[in-house]
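The structure appears below as C-alpha cells.
Numbers restart at 1 for each chain; the letters A, B, ... are given by sequence-line order, proteins then strands.
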2 protein chains.
Amino acid sequence: MTTRTDLPASCVTALEERFEPELFQALCDPVRLGLVAHLAASGRALTVTESAQCCGIHFSGVSRHLALLKRAGVVRAEKHGREVHYRLEVGALASTLRGLADALEACWEEGQRASA
Amino acid sequence: MTTRTDLPASCVTALEERFEPELFQALCDPVRLGLVAHLAASGRALTVTESAQCCGIHFSGVSRHLALLKRAGVVRAEKHGREVHYRLEVGALASTLRGLADALEACWEEGQRASA
DNA sequence: GATTTAGTTGCATCATTGCGCATGTATACT
DNA sequence: AGTATACATGCGCAATGATGCAACTAAATC
C-alpha cells in the first residue's frame with residue numbers, strides 16, 4: 001500500500017483552515033505590503049491620504065488596497081467624520097502568523113511519525 | 001510639521017526586508033497552499049507525481065507551482081534519479097513567519113512611542 | 001445652500017497569472 | 001539502441017488583478 005493514503009488527513013484540513021488564501025492574497029501585492037509596513041511603522045491609525053504617501057500610485061488605488069486588507073482582517077477601519085482611519089490589526093496578524101508556524105511544525109512532526 | 005516625516009523609516013525598511021513579496025506571492029494561490037499543506041502533512045519529501053494527487057490539476061501545473069515555491073525558498077528540491085523530491089522547508093518557513101510577527105509588533109511599538 | 005475635502009466605486013485598459021496541451025530532456029529499463 | 005517513465009518548459013488561451021480617470025457620496029466649511 002502506498003504511503004499517500006497514510007497522510008494524516010485531519011492535519012491537512014487543520015492546516016488548510018489556517019491557510020486562509022485571503023490573508024496571503026492580501027499580502028502578495030508589493031503595494032499592499034508597503035502599506036502594511038507603513039501602517040506598522042506609524043504605530044497608529046492612518047487616513048487613506050496619509051497611507052497613499054508611501055506608495056506611488058493614485059489614492060483611489062490605495063483606497064481599494066485598504067478595503068482589500070480590511071476584508072482579509074489585516075486592518076480595521078474607523079470612520080471619523082469625513083475621513084477613515086485604517087489601523088493595522090497587529091496583534092491578530094502576529095498571532096495568525098505564529099499560529100501558522102506552530103501548525104506547520106506540528107503537522108510536519110505528526111507526518112514524520114506517521115510515515116516512519 | 002507633519003507626523004509623517006516622524007515615521008521610523010529604519011523600521012519600515014526593516015519590515016520591507018522581511019516582507020519578501022516572493023514569499024507571499026508564493027503562498028497566495030490556493031493550489032500552492034494545498035501543496036504546502038500536503039507537503040507539511042506528509043512529513044517527508046514528495047515527488048511531483050505524489051504532490052499532484054492533492055490538487056485536481058494537470059501535473060505540469062504542479063511542476064510549475066513547485067518550481068515557484070522553490071524560488072521562494074518554501075521548498076527544497078532533491079534530485080534522485082529521474083524523480084525530483086520536493087521537501088518543505090518547515091524550519092525556515094516557520095521562523096520566517098515568527099520573525100515577521102516579531103518585527104511587526106516591534107515596529108508597531110516603536111511607532112507608537114514615536115507618534116506619542 | 002453652495003463649495004471644498006475625504007473616500008468609495010464604476011469603467012476601460014493593461015499586465016499577470018494559472019491552465020492544459022504538446023514538446024523536450026534526462027534517467028531507468030529491456 | 002529503443003522504449004518507457006519523471007519532470008520541465010514553450011505556447012496559446014482564459015481569467016484575474018492592478019491602475020488611472022471620472023463620477024458619485026458624505027461630511028465639513030463658508
### Query
Can you name the residues that form a side-chain contact (heavy atoms from CB on, under 4.5 Å) with A:R98, not counting sequence neighbours?
A:A94, B:A101, B:D102, B:E105
### Query
Between residues 66-89 of chain A and DNA chain D, which residues have a heavy-atom gap below 4.0 Å?
A:G81, A:R82
### Query
Does B:R32 make a side-chain donor-acceptor contact with the base of C:dG18, cut-off 3.5 Å?
no
### Query
According to a strict under-4.0 Å criterion, is B:H65 in side-chain N/O contact with OP1 or OP2 of C:dC19?
yes
### Query
Does a side-chain N or O from B:Q25 land closer than 4.0 Å to OP1 or OP2 of C:dT17, or not?
yes
### Query
Counting only distance, no hydrogens or angles, is the base of C:dG7 paired donor-acceptor with the side chain of A:R64 under 3.5 Å?
no
### Test: A:E78 and A:R87 ion pair at under 4.0 Å
yes
### Query
Is there a donor-acceptor contact under 3.5 Å from the side chain of B:R113 to the main chain of A:G43?
no
### Task
Mind checking A:S60 for me? I need base, sugar-phosphate or nothing, with any heavy atom below 4.0 Å counting as a touch.
base
### Task
Would you tell me if any nitrogen or oxygen in the side chain of A:S63 comes within less than 4.0 Å of OP1 or OP2 on C:dA6?
no
### Message
I'd like to know whether B:Q25 forms a side chain to side chain contact (heavy atoms under 4.5 Å, CB included) with B:E22, so could you lay out the CA-CA distance, the side-chain angles of the two residues, the decisive distance to 0.1 Å, and finally the verdict.
### Response
CA-CA 5 Å; B:Q25 192 150 3; B:E22 273 192 342; 5.6 Å; no
### Value in whole Å for how far the P atom of C:dC19 lies from CZ of B:F59
14 Å
### Query
Counting N and O atoms only, with roles assigned by atom type, does the side chain of B:R76 sit under 3.5 Å from a partner on the main chain of B:A45, one being a donor and the other an acceptor?
no
### Message
Going 5' to 3' along DNA chain D, which are the first and last nucleotides with any atom under 4.0 Å from a heavy atom of chain A?
### Response
D:dG17 to D:dA28
### Query
What's the CD1-C1' distance between A:I57 and C:dC14, to the nearest Å?
15 Å
### Message
Using 0.5 Å steps for rounding, measure from the CG atom of B:L93 to the CG atom of A:L100.
### Response
7.5 Å
### Nearest heavy-atom neighbours spanning A:P21 and B:L33
CA-CD1, 3.8 Å
